[in-house]
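So you know, we letter chains A, B, ... as the sequences are listed, proteins then strands, and number each from 1. Keep in mind that what you see is a predicted model, and the values were worked out from it rather than measured.
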Protein chains: 2
Amino acid sequence: MDESIFSDPAFPADQPSPGQSRYGWLAASLRARITQGEWVPGTALPAEAALAKEHGVALGTLRQALALLVAQGLLVRQHGRGTFVREGLGGASMLRFFRFATEDGAPGTPQSHILGRQLRLASADEADGLGLPAGASVLQLQRLRSLQGQPCLLEHIVLPLPLFEALAQSDLAAWDDLLYPMYQRVCGATIHRAEDSLGFGLLTAEQASLLRLDAGHPCAQVDRRAFDLAGRCVELRTTLGDAFAFRYTAHVR
Amino acid sequence: MDESIFSDPAFPADQPSPGQSRYGWLAASLRARITQGEWVPGTALPAEAALAKEHGVALGTLRQALALLVAQGLLVRQHGRGTFVREGLGGASMLRFFRFATEDGAPGTPQSHILGRQLRLASADEADGLGLPAGASVLQLQRLRSLQGQPCLLEHIVLPLPLFEALAQSDLAAWDDLLYPMYQRVCGATIHRAEDSLGFGLLTAEQASLLRLDAGHPCAQVDRRAFDLAGRCVELRTTLGDAFAFRYTAHVR
DNA sequence: CAGTGGTCTAGACCACCGC
DNA sequence: CGGTGGTCTAGACCACTGG
């Protein structure tokens, strides 16, 4: 019951490798079929009985495989309905770090203003983080997010090409307020999980003026690496916001 | 497979309540025997087969119950060795938020200096957080933690009485650098999990001088509620440290 | 080697959902 | 109602740990 998350070769062997459990191999096999698009996020897999019969395996064994994928966040099971491929992240998750609130208390979705968009070569760190070869091209975005006209978050985003080619030319006025659903719709890239690294710093004069704060004002900085269904990092993002509005809750065990 | 964490009455019924699964009831039952001290942290439970026979249940069902308690962090299973009650938190977990490092890179355990110890009445918030009746007594500690003689963290700790009575009189010179193992040894209180809330603020002059920083220096503040095996909150703690040394990593899914 | 947990099977029956 | 996942059983066999 401790199959590695990394047991995800793009093409699993036809048989469980020696030392690997049957359900572990089954899970990897199903995982590959999902990341290759056989079952799209939101759709249902065949029923347990059908999958078990297809793979010539007992029901309990198949259920162990599905339980693995549920634990990895790839599937969601609903009693009486079916087994579904999980939808990607919504895109409003950055607000969970900040306690911006509208007057009536509900946070709501922030508006998005793209301040800049450039095609350029990836730095060494960026190529490394995105798993690109040295000298690859990336799309860079600067973005300001506002709640009810009040600027609150400043973002710097780096996306790998050619996956996000479609965003390099499309009309900025037609962009959504939330990027992750747009990544999925326009580029077929599902953001499945992310790693956030939090720290504190001080705003430069330029950053401060965009956020309508004073130069040198304390800010919280969130460095995010976002991953798709196959586990590849497909977005690097740095978000800045007022440190005094920052609040985050964590569970330790 | 979604038994609530809160299915933990001190004394479970003799039979699974209607609508509750057998393994869910079994898990709650075993959980109660653990929190009541029948199996102390670090010790092994009887073997699967023995427990299954004792409860008149099939092996698979018992294993489901154990899997639940493993998922809740109460048990650890080791192939070929046995099933063990998990040890409590080590006590050095606060350092994971900060990137203090000694010269050779290894963080090490910080030294602990108790600056103050008072017996007093709990405030309304404290009584609420610790589940105490209004007007109950608490033990309050102020504490400075240092790495290689360099002050780095300032802590304010509130503990409920009479559970921590033994700490109110014991010789401060004999205290450990880590409190959680000492809680367990001296008071029999096992810290099993904690909830941390992170925020940002500015140091008062008094706080700053203790940390050898300037008054008004930016600081990260971690408000922690720590819970024992039975899920009762038994410690409230506020930790302050240099905001620019603060760094935290989170996973989003 | 004996004792532990891990895997797998084949089947029965229950609980939930949506038509 | 038919189809889905959830629970439970009884048993066989494997893999790991420690003496």
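Taking every side-chain heavy atom of A/V57 into account, C/dT9 is the closest of D/dC8, C/dT9, D/dG5. Distance from the side chain of A/E48 is smallest for D/dG5 among the nucleotides C/dG5, D/dG5, D/dT7. In the set C/dC8, C/dG5, D/dT7, the nucleotide with an atom closest to the side chain of B/R77 is C/dG5. Closest to the side chain of A/T61, from the set C/dG6, D/dT9, C/dC8, is C/dC8.
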Distances under 3.5 Å between nitrogen or oxygen atoms of protein and nucleotides 11-18 of chain C:
residue: C/dA15; atom: N3; partner: A/H79; partner atom: NE2; Å: 3.0

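Put simply, NZ on B/K53 is 14 Å from P on D/dA10, counting in whole angstrom units. For the pair B/L66 CG and D/dT7 C1', the computed distance is 16 Å after rounding to whole Å. Here the C1' atom of nucleotide D/dG6 and the CD atom of A/Q78 are 14 Å apart, to the nearest Å. At whole-Å resolution of the value, CZ in B/F84 and C1' in D/dG18 are 11 Å apart. For the pair A/Q64 CD and D/dT7 P, the interatomic distance rounds to 14 Å; values are reported in whole Å. A/H55 has its NE2 atom 13 Å from the P atom of C/dT9, to the nearest Å. Between the P atom of C/dG5 and the CG atom of B/L69 lies a distance of 14 Å, rounded to the nearest Å.
A side chain to side chain donor-acceptor pair (under 3.5 Å) check over residues 39-49 of chain A, counting only residues at least two apart or in different chains, returns the pairs A/E48-A/R63, A/E48-A/R77. Counting only residues at least two apart or on different chains, the ring-ring contact (aromatic ring centres under 6.0 Å, His included) pairs with a member in residues 79-99 of chain B are B/F97-B/Y248, B/F98-B/F100, B/F98-B/F246.
Side-chain nitrogen and oxygen atoms of A/Y23 include at least one within less than 4.0 Å of the OP1 or OP2 phosphate oxygen of C/dT7. For B/T83 and C/dG5, the shortest distance from a side-chain N or O to OP1 or OP2 is below 4.0 Å.
Annotation: the terminal axes of the helix from C/dC1-D/dG18 to C/dG18-D/dC1 meet at 20°, where each axis is the rotation carrying the C1' atoms of four end pairs onto the next four (5 pairs per end, rounded to 10°).
Take A/E165 and apply the side-chain hydrogen bond (donor to acceptor under 3.5 Å, both in side chains) test, not counting sequence neighbours, and it matches no residue. When the side-chain hydrogen bond (donor to acceptor under 3.5 Å, both in side chains) test is applied to B/S197, the partners found at least two apart in sequence or on another chain are A/R247.
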Salt bridge (Lys or Arg N to Asp or Glu O under 4.0 Å) between B/R253 and A/E87, intermediate numbers included:
CA-CA 11 Å; B/R253 200 167 68 183; A/E87 304 272 4; over 6 Å; no

Let me see the working for B/W175 and B/S112 under side chain to side chain contact (heavy atoms under 4.5 Å, CB included), right down to the final yes or no.
CA-CA 9 Å; B/W175 281 30; B/S112 168; over 6 Å; no

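A salt bridge between B/R33 and B/E54 is present, with a side-chain N of the basic residue lying under 4.0 Å from a carboxylate O of the acidic one. Salt bridge absent: B/E235 and B/R224 never bring a charged side-chain N and a carboxylate O closer than 4.0 Å. Under 4.0 Å is where a charged nitrogen must lie from a carboxylate oxygen, and between A/D176 and A/R185 at least one such pair does.
The 5' end of DNA chain C is approached more closely, in terms of each residue's nearest nucleotide, by B/R63 than by the other of B/R63 and A/A58.
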